[in-house]
Number of protein chains: 2
Amino acid sequence: MPRPRFDNLSPEKRERILETAAKAFAADGYEHASMNQILADAGISKGAAYYYFDNKADLYGATVNHYLQEFLGDVPWNFAQTTAVSFWPTLLQVYREQFSQFAERPWVFGLVKSGGPVAAEVLAEGPLAEMWQTLTTVLDDLIRRGRELGVVRDDLPEELLIALVMALDETHDRWLLAQLEDQNAATLDTAAERMVNLLQRLLAPA
Amino acid sequence: MPRPRFDNLSPEKRERILETAAKAFAADGYEHASMNQILADAGISKGAAYYYFDNKADLYGATVNHYLQEFLGDVPWNFAQTTAVSFWPTLLQVYREQFSQFAERPWVFGLVKSGGPVAAEVLAEGPLAEMWQTLTTVLDDLIRRGRELGVVRDDLPEELLIALVMALDETHDRWLLAQLEDQNAATLDTAAERMVNLLQRLLAPA
DNA sequence: ATCTGGTTAGACTGTTCGGTTAAACCATAC
DNA sequence: GTATGGTTTAACCGAACAGTCTAACCAGAT
């Protein structure tokens, strides 16, 4: 986590740093993104940066946490009250909201995925652990609840299912990102339906 | 492609170089694998290496081509004669053969995937282009034939389907790799069935 | 014995990486 | 005016990277 001082910075500067970092991480991934480049683009000196952040992972963690909060923040991730009937429609609603945000800030999508190829060591501890935990826990709850309701298959290890769901999601998002120019409200709506359909095919009981 | 001299090397040395490189690329991915480390592990000097290979991509290309040939070489990739009935069983047979090779040389699996995160620029041209072309063409033919037979959905862009299939395949293989110790002939057979089932779910017409 | 040329070793180059440090800057307090 | 201390700068560091270069090696020909 960044030093508390970071919060005392002017909102413009703070946002400029985080946004620059976010775009870089989204475009190049955590490992491949260059600290030097980010700081140069953000118009901040190296010393200043390390005055606020412990290291690269710290900056990444702050960036992800910042944007992930508004990205996943008010989504009805609470599947506890869903029924067998409402399970898929609820998921569809989640994707609809996600994809509507996609239209405004497409690069946030890349950011979420940027940590994928990061070494497990880096991910397991430090500031990245929190958001990684959050993400996997959400999926974990989703699948577990789906199983309780009998709408998610029980014949494959949960671990494998999670990995498959993430792969499908990431691939679809990446494809969507590549077709960025052609997207509008209607296409994004069908994209949400398409995504849920894919998950349904994958996860439905045998 | 490596210099022709490379073929004049003793088979032992040639194989030792390629195998060392393959394991490194499989373990760390193309970008993250260290040339210095590979050469040190292979017991070959830097000068000697660059006497046979133009650069890192060249070594990678040679490595992938070498192992991909025996990996995909004699598989019945010819789906031209398949029927609607035999389509999925044929695919199952392909996976059975693949996974039986998995038992012998698990690291070859990682090798095939190692190029994934490689920059598109590197992949598009140079020695890697050939194998990339081969791989996508195979999938292209598969999906196209499946559509002709009416066993593969027609409502999604082929480009997206290919990406999804690769993602599913890669994820499943990675999972299999992680469970390496627990695998035997029986589990690998069910793994093939599981994989085909996943593809069937994904690709079946609506 | 000497020469030749394919082969090899490994020191070296230039670049980029994440990260450190000493000095300077500058608003505030005295 | 001057001292203080939070902030900033840019030079600098060591490590790692892919790739180059020169000198040496050494089998076979002369």
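In what follows, chains are A, B, ... by sequence order, proteins preceding strands, each numbered from 1. Basis for what follows: all heavy atoms, side chains included, without hydrogens, waters or symmetry-related copies.
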Original post:
What pairs meet the ring-ring contact (aromatic ring centres under 6.0 Å, His included) rule with one or both residues in residues 1-29 of chain A, with sequence neighbours excluded?
Top reply: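 Residue pairs with at least one partner in residues 1-29 of chain A: F6(A)-F53(A), F25(A)-Y30(A), F25(A)-Y60(A).
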Length of the line joining [X]:[atom1] and [N]:[atom2], which is rounded to integer Å:
X	N	atom1	atom2	result
E31(B)	dA16(D)	CD	P	19 Å
I38(B)	dG19(D)	CD1	P	11 Å
N36(B)	dT20(D)	CG	C1'	13 Å
H32(B)	dA18(D)	NE2	C1'	15 Å
Y60(B)	dG19(D)	OH	P	15 Å

**OP:** Please determine if a side-chain N or O atom of S34(B) lies less than 4.0 Å away from the OP1 or OP2 oxygen of dA16(D).
**Re:** no
Original post:
If only side-chain N and O atoms of R5(A) are considered, is one of them under 4.0 Å from the OP1 or OP2 phosphate oxygen of dT7(D)?
Top reply: yes
Just how far is it from atom [atom1] of [X] to atom [atom2] of [Y], taken to the nearest 0.5 Å?
X	Y	atom1	atom2	answer
E15(B)	S10(B)	CD	OG	10.5 Å
N197(A)	L202(A)	CG	CG	11.0 Å
F99(A)	D173(A)	CZ	CG	5.0 Å

Original post:
Quick one: how far along DNA chain C does chain A reach, first to last nucleotide 5' to 3', anything under 4.0 Å to a heavy atom?
Top reply: dC17(C) to dT21(C)
**OP:** Give the ring-plane orientation class for H172(B) versus W175(B), where under 30° counts as parallel, over 60° as perpendicular and anything between as tilted.
**Re:**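 The arrangement is tilted - the two ring planes meet at 30° to 60°.
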Subject >> Salt bridge E170(B)-R174(B), side-chain N to carboxylate O under 4.0 Å >> reply: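 Salt bridge present between E170(B) and R174(B).
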Original post:
Are E148(B) and R144(B) within salt-bridge range, i.e. N to O under 4.0 Å?
Top reply: no
Original post:
Are more than 12 heavy atoms from other residues, nucleotides or ligands located less than 6.0 Å from atom NE2 of H32(A)?
Top reply: no
Subject >> Cation-pi geometry met for R145(A) and F87(A) (6.0 Å, 45°) >> reply: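 No; the conditions do not both hold, so R145(A) does not lie above the ring face of F87(A).
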Subject >> Comparing N8(B) and Q37(A) on DNA chain C - which has the more 5′ nearest nucleotide >> reply: N8(B)
Original post:
Which residues within residues 40-53 of chain A lie with some heavy atom under 4.0 Å of an atom in DNA chain D?
Top reply: S45(A), G47(A), A48(A), Y51(A), Y52(A)
